[in-house]
Peer 1: 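Supplied in structure tokens, the structure appears directly below.
Fair warning: this is a prediction, and the values are worked out from it, not measured in the lab. Each ligand, and each atom within it, is numbered from 1 in the order the structure gives. Just so it is clear, the values below take in all heavy atoms, side chains as well, and ignore hydrogens, waters and symmetry mates.
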Amino acid sequence: MNPKTREKILIVGAGGFVGKVLTQSLVAEGQMPLLALRKKISDFPKLKKYHGDLEDPAFCNKILKNIETVFYLAAFKKNIRFHSEQPFETLAKNVKPFITFLEAAKKSKVKTIMYISSTNAEYALDPDSGIDGYVYGKFVNELIARAFVKETKIAIKILRSAAVYGPGDNFDPKTANFIPSMIRKVDETKGQLEVWGKGNRQLQFIYIHDLVKNIIAAKNSSDDFLTFGNPDIVSVNEVVDKIVKSIGKKLKISHDITKPDKSTKLSTFTNIVKPKTSIDQGLQETIDFYKNHHA
Ligand SMILES: NC(=O)c1ccc[n+]([C@@H]2O[C@H](COP(=O)([O-])OP(=O)(O)OC[C@H]3O[C@@H](n4cnc5c(N)ncnc54)[C@H](OP(=O)(O)O)[C@@H]3O)[C@@H](O)[C@H]2O)c1
């Protein structure tokens with residue numbers, strides 16, 4: 001791509017699971033995005049990287065210099081237990097960086113910000129869902145984005161995503177999402193595998209590359225609120241069965257019915273690019289990645 005036609009793109013939270021794949025995809029299109037991250041990574045040696053904390057206004061001013069388009073992917077995520085037991089800390093660590101970043105954006109040349117939210121935001125006002133600082137953080141940041149747009153000439157597109165999975169995912173048992181933590185659990189378990197609840201909870205996911213295609217397509221969409229996910233519905237039990245078969249383990253599955261089967265709000269998706277990766281194919285790719293990098 002001719003450097004003159006390249007967009008001035010910034011990816012915030014570029015060192016995370018989605019950020020790395022988004023960066024790869026934009027580079028494959030000929031873009032040279034600037035990357036803002038906290039931890040040092042060895043990936044993308046040819047791209048300019050800024051390291052710092054988004055709660056630092058000077059850092060936000062620095063990364064926004066001459067930028068027109070932002071993909072804001074930064075989020076503070078641990079696990080549901082932490083989000084529920086320390087909801088204020090979780091909420092603050094999601095909201096403060098976003099506010100600090102937007103304050104800096106006001107003084108910049110930025111035209112569009114893509115804010116990656118979550119279908120989990122739908123639970124924020126549900127009285128049965130309890131207090132979860134991550135869910136609140138996503139919801140509050142959506143409100144902040146809407147308020148910011150009213151007051152400035154900068155557009156913010158809110159892009160809600162279903163649970164994401166795929167190669168490159170986080171398999172740390174302390175912080176991993178359901179699919180990668182179950183892959184690890186199945187791999188490390190001998191004999192009996194315990195599943196919480198009856199396992200009938202219905203779930204929806206999106207494979208990482210299907211999500212990233214939609215995030216990139218959203219840049220040129222006239223919609224400012226989109227929800228991305230694969231509409232296929234799978235139960236907890238189906239996902240567990242598929243993982244056990246794919247890893248090739250003989251395990252006896254038991255259910256701890258003292259643990260509740262949470263209900264899921266199924267989403268209606270407004271994908272721009274139809275997700276093409278089936279759960280079987282996506283799980284296989286994720287398990288292959290796990291075997292090559294973690295097992
Ligand atoms: N993964 C999913 O299933 C899913 C589903 C729906 C929506 N989303 C949303 O999609 C986005 C990307 O998710 P992901 O899975 O890629 O998350 P991730 O791997 O946790 O990446 C988020 C990144 O944000 C960075 N970050 C957080 N607070 C920061 C701060 N104060 N200053 C600088 N950097 C900060 C983190 O840096 P450190 O590594 O240094 O902490 C991390 O690299 C997030 O907004 C998430 O909420 C994800």
Peer 1: With side-chain hydrogen bond (donor to acceptor under 3.5 Å, both in side chains) as the test, pick out the partner of T264 among Q202, Q204, R201.
Peer 2: R201

Peer 1: Among all protein heavy atoms in this structure, tell me which lies nearest to atom 32 (N) of ligand 1, with the distance rounded to 0.1 Å.
Peer 2: L54 N, 3.0 Å

Peer 1: Distance to 0.1 Å, residue and atom name: give those for the protein heavy atom nearest to atom 39 (O) of ligand 1.
Peer 2: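 Going by distance alone, atom 39 (O) of ligand 1 is nearest to K39 NZ, 3.1 Å.
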
Peer 1: Quick one: look up the protein heavy atom nearest atom 7 (C) of ligand 1 and list residue, atom name and how far away it is.
Peer 2: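 That would be S117 O, 3.2 Å.
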
Peer 1: Exactly one of L54, V110, N61 should register a side-chain contact (heavy atoms from CB on, under 4.5 Å) with F101. Which one does?
Peer 2: L54

Peer 1: Check whether I154 and V12 end up in the same hydrophobic cluster, where Ile, Leu, Val, Met, Phe, Trp and Tyr are linked by side-chain heavy atoms less than 4.5 Å apart.
Peer 2: yes

Peer 1: Are any non-hydrogen side-chain atoms of F228 and V273 less than 4.5 angstrom apart?
Peer 2: no

Peer 1: Going by distance only, is there an N or O of F76 that falls short of 3.5 Å from an N or O of ligand 1?
Peer 2: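 In fact, backbone or side chain, F76 has no N or O that close.
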
Peer 1: Assess the pair F98 and Y115: is the distance between their ring centroids shorter than 6.0 Å?
Peer 2: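 Yes - the distance between ring centres of F98 and Y115 falls below the 6.0 Å cut-off.
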
Peer 1: Any N or O on Y134 sitting closer than 3.5 Å to an N or O of ligand 1?
Peer 2: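 Among all N and O atoms of Y134, at least one is under 3.5 Å from an N or O of ligand 1.
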
Peer 1: Could you see which bit of K138 sits under 4.0 Å from ligand 1, with heavy atoms only: side chain, backbone, both or neither?
Peer 2: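 For K138, the contact with ligand 1 is made by the side chain alone.
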
Peer 1: Is NZ or CZ of K265 both nearer than 6.0 Å to the six-membered ring centre of Y123 and within 45° of the ring axis?
Peer 2: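 Judged by the rule (NZ or CZ under 6.0 Å from the ring centre, within 45° of its axis), K265 counts as positioned above Y123.
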
Peer 1: Quick check: does G15 get an N/O under 3.5 Å from an N/O on ligand 1?
Peer 2: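 No, there is no polar N/O contact under 3.5 Å.
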
Peer 1: Can you tell me which residue and heavy atom of the protein come closest to atom 1 (N) of ligand 1, and the distance to 0.1 Å?
Peer 2: K77 NZ, 3.3 Å

Peer 1: Just distances here: any N/O of K93 and N/O of ligand 1 closer than 3.5 Å?
Peer 2: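 There is no such contact.
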
Peer 1: Within 45° of the six-membered ring axis of F225 and under 6.0 Å from that ring's centre, is NZ or CZ of R146 located there?
Peer 2: yes

Peer 1: Where on Y165 is there a heavy atom closer than 4.0 Å to ligand 1, on the side chain, on the backbone, on both, or on neither?
Peer 2: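 For Y165, no heavy atom sits under 4.0 Å from ligand 1.
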
Peer 1: Between Q192 and S254 (side chain of the first, backbone of the second, donor and acceptor by atom type, cut-off under 3.5 Å), is there such a pair?
Peer 2: no

Peer 1: Evaluate side chain to side chain contact (heavy atoms under 4.5 Å, CB included) for K190 paired with L251, printing each intermediate quantity in order.
Peer 2: CA-CA 7 Å; K190 290 195 181 86; L251 295 174; 5.7 Å; no

Peer 1: Just to be sure I'm reading this right: ignoring hydrogens, which of K20, R38, K40 gets closest to atom 30 (C) of ligand 1? Compare them by their nearest heavy atoms.
Peer 2: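 That would be R38.
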
Peer 1: Any idea which protein heavy atom is nearest atom 19 (O) of ligand 1, and the distance to it?
Peer 2: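 Closest protein heavy atom to atom 19 (O) of ligand 1: F17 N, 3.0 Å.
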
Peer 1: Should you measure from each heavy atom of P97, which atoms of ligand 1 turn up under 4.0 Å away?
Peer 2: 31 (N)

Peer 1: Any nitrogen or oxygen of V164, main chain or side chain, under 3.5 Å from a nitrogen or oxygen of ligand 1?
Peer 2: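 Yes, at least one N or O pair falls under 3.5 Å.
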
Peer 1: Assess the residue pair F59 and Y50 against the criterion (ring pair (Phe, Tyr, Trp, His ring centres under 6.0 Å)); give the C-alpha distance rounded to whole Å, side-chain angles, the decisive distance to 0.1 Å, and a yes or no.
Peer 2: CA-CA 8 Å; F59 177 65; Y50 295 98; 7.1 Å; no

Peer 1: Can you tell me the protein heavy atom closest to atom 13 (O) of ligand 1 and the distance?
Peer 2: V18 CG2, 3.8 Å

Peer 1: What residue and atom, counting heavy atoms only, is the protein's closest point to atom 31 (N) of ligand 1, and at what distance?
Peer 2: D53 OD1, 3.0 Å

Peer 1: As a quick check of understanding, evaluate side chain to side chain contact (heavy atoms under 4.5 Å, CB included) for T119 and S267, giving each step before the final call.
Peer 2: CA-CA 7 Å; T119 50; S267 300; 3.6 Å; yes

Peer 1: So, do K48 and L35 sit near enough that their side-chain heavy atoms are less than 4.5 Å apart?
Peer 2: no

Peer 1: Can you tell me the protein heavy atom closest to atom 21 (O) of ligand 1 and the distance?
Peer 2: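 Ranked first by proximity to atom 21 (O) of ligand 1 is G16 CA, 3.4 Å.
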
Peer 1: Taking only heavy atoms of A163 into account, list the atoms of ligand 1 that are under 4.0 Å away from them.
Peer 2: 3 (O)

Peer 1: With heavy atoms under 4.0 Å as the rule, classify the contact between A162 and ligand 1 as side chain, backbone, both or neither.
Peer 2: backbone

Peer 1: Under 4.0 Å, heavy atoms only, figure out whether ligand 1 is touched by the backbone of A75, its side chain, both or neither.
Peer 2: both

Peer 1: Yes or no: does A14 have any heavy atom under 4.0 Å from an atom of ligand 1?
Peer 2: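 No heavy atom of A14 comes that close to ligand 1.
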
Peer 1: Can the ring centres of Y165 and Y207 be said to be less than 6.0 Å apart?
Peer 2: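 Aromatic pair counts; centres sit under 6.0 Å.
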
Peer 1: Running the 4.5 Å side-chain criterion over Ile, Leu, Val, Met, Phe, Trp and Tyr, what cluster does F82 land in, apart from itself?
Peer 2: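 Members other than F82 - counting any ILVMFWY side chain reachable under 4.5 Å - are F76.
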
Peer 1: Should E55 be counted as touching ligand 1, given the test is an N or O pair under 3.5 Å?
Peer 2: no

Peer 1: Quick check: does N177 get an N/O under 3.5 Å from an N/O on ligand 1?
Peer 2: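 Yes, at least one N or O pair falls under 3.5 Å.
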
Peer 1: Short list, please: which atoms of ligand 1 are under 4.0 Å from a heavy atom of I116?
Peer 2: 9 (C), 10 (O), 45 (O)

Peer 1: Could you tell me how the ring of F171 sits relative to the ring of F289: parallel (under 30°), tilted (30 to 60°) or perpendicular (over 60°)?
Peer 2: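 Answer is parallel, since the angle falls under 30°.
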
Peer 1: Report the member of N141, N170, I215, L73 with the shortest heavy-atom distance to atom 11 (C) of ligand 1.
Peer 2: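 Answer by nearest heavy atom: L73.
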
